[in-house]
Amino acid sequence: MMERKQRLETLRDELVDRYRDHKEQRAGPLDKDMEEQAIELQNDEVVDALEREAEDELRQVMHALARIDGGEGELCEVCEEPIAGERLEALPFATLCRDCAEPR
């Protein structure tokens, strides 16, 4: 459990850094050239998508860390059965067992 918590804390720190880097890339005025502005605006859309992805993953990591701190980190939120170790290894912020995570 401690190894998983450390992995999640490392992932949390990486996500915060990635989010900060994306925010810094967006700082500054647009280029004066209209073609360059169009490219910059397109790039902003990509950066927005990456930021949303990082925010979502960060929320999942923080939720998993809170569950670990509460002593529930290895139990499925839905059925309360243990989450398979292989699943937690592959997806350390998983809070659902494979059966509960699959769409019905």
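Along the sequence shown, residues are numbered consecutively beginning with 1.
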Hey, what do you get for [atom1] ([X]) to [atom2] ([Y]), rounding to the nearest 0.5 Å?
X     : Y     : atom1 : atom2 : value
Glu74 : Ile68 : CD    : CD1   : 7.5 Å
Asp17 : Arg12 : CG    : CZ    : 11.0 Å
Arg4  : Leu65 : CZ    : CG    : 8.0 Å

Checklist entry - If you look at every heavy atom in Cys97 and Cys79, which pair is closest and at what distance? => result SG-SG, 3.8 Å

Item to check | Residue pairs, two or more places apart or on separate chains, that pass salt bridge (Lys or Arg N to Asp or Glu O under 4.0 Å) and touch residues 88-98 | outcome: Arg7-Glu89, Arg98-Glu102

Checklist entry - Is Glu14 close to Glu57 at the side-chain level, that is, under 4.5 Å between some pair of heavy atoms? => result no

Item to check | Residues in side-chain contact (heavy atoms from CB on, under 4.5 Å) contact with Arg67, at least two apart in sequence or another chain | outcome: His63, Glu72, Leu75, Glu77, Thr95

Checklist outcome for this item: Hits for side-chain contact (heavy atoms from CB on, under 4.5 Å) against Ala101, two or more places apart or cross-chain, chain-then-number order -> Arg87, Leu96

Checklist entry - What residues form a side-chain hydrogen bond (donor to acceptor under 3.5 Å, both in side chains) with Gln60, not counting sequence neighbours? => result Asp56

Item to check | Other cluster members, Ile83 - Ile/Leu/Val/Met/Phe/Trp/Tyr, side-chain contacts below 4.5 Å | outcome: Leu88

Next on the checklist: Applying a strict under-4.5 Å side-chain criterion to I, L, V, M, F, W and Y, I'd like to know whether Leu91 and Met62 cluster together.
Outcome noted: yes

